[in-house]
Amino acid sequence: MKRLSSHVVIVVLVALAVIAIAGCGGSTATSAIQKVDATRAVDMLDSRVVVDVRTPAEYAAGHVAGATNIDVEAADFPSRISSLDKTGAYLVYCHSGRRSAIAAQQLAAAGFSDIVDAGAMADLVAAGARIQ
């Protein structure tokens, strides 16, 4: 069996390291999203733009005080978020946490860098969020 020179081994190891590093850093979208528990989310409500991503009917039936409604499943969601400040701090929630996760991913993909996925509204209410 032929033995590789030390230079070839070094080149191969460096190439593998570069590939590994590039693969690890490739997802800046998900690094913009924090998933927090409801208690921590309630503590953050006053320092972030709160976005309720449920339907307008769900929002009208009751929502976290001060929240803005932008329905993640509406056709105009991308255009509505494009008018927001991408450098702002946002907290998103929905009924069960499914839509908030989708909204957080879409915000991150659109270039937002500080997003908290607070999950379900019921958990926020149980942790002390005020409802209007």
Side-chain angles (χ1 to χ4, degrees):
M1 179 180 213
K2 190 174 180 181
R3 190 165 180 196
L4 295 174
S5 76
S6 61
H7 292 296
V8 171
V9 171
I10 291 171
V11 168
V12 169
L13 290 174
V14 168
L16 290 172
V18 167
I19 290 168
I21 290 168
C24 290
S27 181
T28 56
T30 51
S31 66
I33 303 168
Q34 288 182 61
K35 177 69 176 150
V36 300
D37 66 33
T39 302
R40 176 115 192 270
V42 168
D43 290 340
M44 303 169 100
L45 290 173
D46 292 334
S47 63
R48 295 182 167 270
V49 176
V50 180
V51 182
D52 181 323
V53 298
R54 301 174 304 153
T55 66
E58 289 173 299
Y59 178 83
H63 54 273
V64 171
T68 299
N69 182 224
I70 306 176
D71 181 354
V72 70
E73 294 180 332
D76 67 345
F77 184 78
S79 66
R80 300 247 344 249
I81 65 170
S82 71
S83 66
L84 300 174
D85 177 8
K86 289 184 180 180
T87 64
Y90 295 89
L91 182 143
V92 296
Y93 73 90
C94 65
H95 175 74
S96 68
R98 181 188 68 81
R99 289 176 286 180
S100 66
I102 292 167
Q105 287 293 328
Q106 288 188 24
L107 286 163
F112 291 79
S113 59
D114 189 356
I115 308 151
V116 169
D117 178 358
M121 182 175 154
D123 294 338
L124 294 173
V125 171
R130 289 184 313 108
I131 300 302
Q132 347 178 235

Could you check whether any side-chain N or O of Q132 sits under 3.5 Å from a backbone N or O of G66, counting only pairs where one atom can act as donor and the other as acceptor?
yes
Can you name the nearest heavy-atom pair linking L91 to M44, along with the distance?
CD1-CB, 4.2 Å
Side chain to side chain contact (heavy atoms under 4.5 Å, CB included), paired with Y93, selected from D123, V53, L45, V50
V50
Which atom pair, heavy atoms only, marks the closest approach of A110 to I81?
CB-CD1, 4.1 Å
Decide whether Y90 and D114 meet the rule of one side-chain donor and one side-chain acceptor closer than 3.5 Å.
no
Please give me the minimum heavy-atom distance between P56 and N69, naming the atom from each residue.
CA-OD1, 3.4 Å
So how far is it from I33 CD1 to Q105 CD, rounded to the nearest 0.5 Å?
4.0 Å
Please round to the nearest 0.5 Å and tell me the distance separating atom CZ of F112 and atom CG of D85.
8.0 Å
Hey, does R40 have a side-chain heavy atom less than 4.5 Å from the side chain of Q34?
yes
Would you indicate whether the side-chain heavy atoms of M121 and H95 approach each other to under 4.5 Å?
no
Return the minimal non-hydrogen interatomic distance between G128 and V42, and the atom names on each side.
C-CG1, 4.2 Å
Tell me the closest heavy-atom pair linking A108 and A32, and the distance in Å.
CB-CB, 4.3 Å
Roughly how far, to the nearest 0.5 Å, is the OG1 atom of T68 from the NE2 atom of H63?
8.5 Å
pair F77-D71: side-chain heavy atoms closer than 4.5 Å:
no
Quick one: CD1 on I70 to CD on Q106, what's the gap to the nearest 0.5 Å?
11.5 Å
Working note: D43 + V36, criterion side-chain contact (heavy atoms from CB on, under 4.5 Å); need CA distance, chi angles, decisive distance, verdict.
CA-CA 11 Å; D43 290 340; V36 300; over 6 Å; no
If we check side chain to side chain contact (heavy atoms under 4.5 Å, CB included) with V92, which of these qualifies: D52, L107, V72, V49?
L107
I'd like to know if I102 and V116 are part of one continuous hydrophobic network [Ile/Leu/Val/Met/Phe/Trp/Tyr, side-chain heavy atoms within less than 4.5 Å].
no
Looking at A67 and Y59, what are the two nearest heavy atoms and their distance?
O-OH, 2.6 Å
